[in-house]
Amino acid sequence: MPNDITTRAPSVRLHAASLVYAGAPVFDALDLVLPAGRTTCLLGPSGVGKTSLLRLIAGLLPGAEGKAVDDDGSGLSGRIAYLAQQDLLLPWLSALDNVTLGGRLRGESPGPPALDRARGLLARVGLAGREDDRPAKLSGGMRQRVALARTLMEDRPIVLMDEPFSSLDAITRYELQALAAECLAGKTVLLVTHDPLEALRLGHQVLIMAGAPARLDTPLVPVGQPPRDPADAGLLALQAELLKRLTQAKIDHGTGAP
Amino acid sequence: MKALRALAIGAGMLLAWQAVVSLTGVAHYILPGPVRVARAFAANADVLFAHAFVTGTEIALGLLLGCLLGCVSAILVASFPPARRWLLPVLVVSQAIPVFALAPVLVLWLGYGLLSKVAMATLIIYFPVTAAFFDGLRRTEPGWLDLARTMGGSRFRILRHIRIPAALPALSSGIRVATAVAPIGAVVGEWVGSSAGLGYFMLQANGRLQIDTMFAALLLLALMSVALYFSVDALLRLALPWQAEDAGSTLPESP
């Protein structure tokens with residue numbers, strides 16, 4: 001794999017980001033740093049602006065102030081892959097064609113090397129033999145695996161994930177968390193989630209976003225490398241701590257919100 | 001099962017028709033019974049099919065042209081926002097004029113031949129196709145567009161690979177509506193002025209009080225329209241297999 005400026009995972013810096021929605025500030029002068037090659041998990045009550053913050057970094061929020069840059073101050077355009085809560089698979093394309101969508105959208109010719117790589121990635125997420133199936137034939141977990149393969153196919157150093165596992169059942173979610181952690185190791189990842197255990201399992205650091213306008217807490221850094229064992233006593237203690245902080249954040253958010 | 005049901009419905013309608021004729025004792029020059037119409041059909045089969053071929057050609061050409069123009073307009077309006085501001089009002093105003101009222105003008109301009117009927121059918125089809133396709137193009141799932149933007153897709157390629165395919169189910173409903181109304185355009189055109197076609201033949205038969213022959217032409221026109229509709233419907237289903245799959249995918253996931 002080439003290790004030049006475009007594939008090396010940079011750190012991501014967001015300085016003085018502001019967003020006003022329906023006359024009220026969602027966040028104001030917010031600073032955020034995603035360390036290079038690490039997974040940062042963002043937790044917080046619903047409606048606090050987590051998704052907006054992720055979209056701002058992705059360059060998908062035109063109304064907001066602030067721009068995400070790397071350590072050298074350059075923009076991130078073309079270096080981001082995006083994985084949403086919905087799998088966003090195109091229903092008229094086979095699994096394989098969905099995985100190679102990015103190349104077609106950029107006008108690259110889908111040669112045999114690209115197709116081989118796509119097949120390899122589908123096999124890696126456990127879908128060998130399902131390349132020609134359309135999304136309607138796949139279960140929710142399989143569809144999210146195809147979406148993960150599509151994200152990996154893009155081979156971007158920064159990956160932004162917005163509750164990618166929240167619509168899956170517990171067992172499928174558990175399997176996919178481990179798979180994602182393995183596949184995305186070494187990339188700069190932002191994972192927005194509402195599940196404290198998921199954040200603790202997958203994050204090198206965990207941030208809590210709360211209040212109106214929203215602020216970010218000091219990062220919580222669990223010991224060990226992700227994916228962590230959810231049965232670990234230390235992890236469970238941290239989960240209790242996180243739940244307490246989130247409950248407090250929700251109360252604050254409730255009274256602070258207009 | 002489906003064919004059996006269709007047969008039963010057809011037989012039921014024929015029976016009801018005969019029952020009305022027998023029970024009311026209505027004169028055969030007002031409402032002829034099915035047997036009389038069938039006899040008239042058999043006696044005039046050659047002429048009827050010749051006229052049906054003309055009307056069929058008008059409908060097919062109008063459908064083709066109307067769908068083509070509708071698709072091009074919808075794509076233009078959807079891809080260039082300035083075009084939307086200028087073209088949409090024109091589209092709406094053009095639809096406010098009843099197409100039937102235009103028929104005499106079209107015949108005056110384009111003559112008694114094929115052209116004026118194709119123009120009528122095209123005009124009547126153009127709007128439903130444009131409106132349905134444009135609506136589909138405008139309502140692309142926002143998540144797909146976000147994804148395409150992060151992938152670095154150009155506007156043209158996003159249109160080609162995502163927005164147009166995603167709008168095809170909407171376009172296909174527009175084409176279904178168009179298929180149902182296309183015969184109206186052709187027949188109205190024939191009524192206003194023509195020298196051939198089922199509409200022309202019906203007027204001629206009516207003038208000579210050959211009501212059973214007129215009903216035979218009407219029956220043939222109805223059969224043609226129904227056959228056209230079901231063939232187009234089947235073709236569209238074949239062309240968009242993922243649409244049916246998608247609609248059927250509401251089964252609960254395995255636990």
Side-chain angles (χ1 to χ4, degrees), chain A residues 51 54-55 57-62 76-94 97-108 110 133-144 147 150-151 153-156 158-160 162 167-172, chain B residues 71 74-75 78-79 81 132-133 135-175 235-255:
Chain A
T51 294
L54 179 136
R55 291 175 62 83
I57 297 171
L60 295 171
L61 203 65
L76 305 174
S77 158
R79 285 192 280 171
I80 287 176
Y82 170 62
L83 188 61
Q85 181 179 351
Q86 314 89 349
D87 49 67
L88 296 180
L89 298 182
L90 301 176
W92 57 89
L93 293 181
S94 68
D97 288 341
N98 263 297
V99 173
T100 56
L101 175 71
R104 281 203 303 288
L105 283 175
R106 289 185 294 274
E108 300 156 6
D133 285 350
R134 273 193 284 263
K137 280 198 184 161
L138 304 173
S139 70
M142 287 177 179
R143 283 204 292 272
Q144 202 55 277
R150 181 187 59 200
T151 309
M153 185 75 190
E154 291 296 288
D155 201 19
R156 303 288 177 83
I158 303 163
V159 177
L160 306 177
D162 191 3
S167 61
L168 304 172
D169 64 271
I171 307 298
T172 311
Chain B
C71 289
I75 289 173
S79 37
F133 196 24
D135 215 42
L137 286 169
R138 222 174 28 160
R139 283 167 206 247
T140 316
E141 155 74 47
W144 291 345
L145 296 179
D146 286 347
L147 181 74
R149 253 170 247 142
T150 61
M151 285 174 163
S154 67
R155 260 169 50 118
F156 170 72
R157 291 204 191 87
I158 292 177
L159 184 71
R160 180 178 150 206
H161 290 293
I162 297 183
R163 291 179 66 198
I164 290 180
L168 288 183
L171 172 64
S172 80
S173 2
I175 292 179
L235 272 178
L236 289 173
R237 265 170 221 279
L238 222 69
L240 303 174
W242 51 273
Q243 196 191 359
E245 274 171 25
D246 220 30
S249 70
T250 46
L251 287 172
E253 278 169 30
S254 54

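Residue numbers start from 1 in every chain, and the chains themselves are labelled A, B, ... in the order their sequence lines are given, proteins ahead of strands.
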Is there side-chain contact between A:R156 and B:T150, with heavy atoms separated by less than 4.5 Å? no
Most contacts with chain A, counted as non-hydrogen pairs under 4.5 angstrom, among B:G152, B:P165, B:G143: B:P165
Assert top hit (heavy-atom pairs under 4.5 Å, partner chain B, pool A:R55, A:R106, A:R150) equals A:R106
Residue of the set B:M151, B:H161, B:R157, B:R160 for which side-chain contact (heavy atoms from CB on, under 4.5 Å) holds with A:R104: B:H161
Rounded to the nearest 0.5 angstrom, the CG-CG distance for B:L147 and A:L105 is 8.0 Å
So for B:I162, is it side chain, backbone, both, or neither that comes closer than 4.5 Å to the heavy atoms of chain A? both
In terms of heavy-atom proximity below 4.5 Å to chain B, should A:Q86 be classed as side chain, backbone, both, or neither? neither
A:L60, part contacting chain B, at a heavy-atom distance under 4.5 Å: side chain
Does any heavy atom of chain B fall under 4.5 Å from the side chain of A:L93, the backbone, both, or neither of them? neither
Using the six-membered ring wherever Trp is involved, compare the ring planes of A:W92 and B:W144 and label them parallel, tilted or perpendicular (cut-offs 30° and 60°). perpendicular
Among A:I80, A:L90, A:T172, who wins on heavy-atom pairs under 4.5 Å with chain B? A:L90
Distance-only, no hydrogens or angles: does the A:R134 side chain make a donor-acceptor pair with backbone N or O of B:P241 under 3.5 Å? no
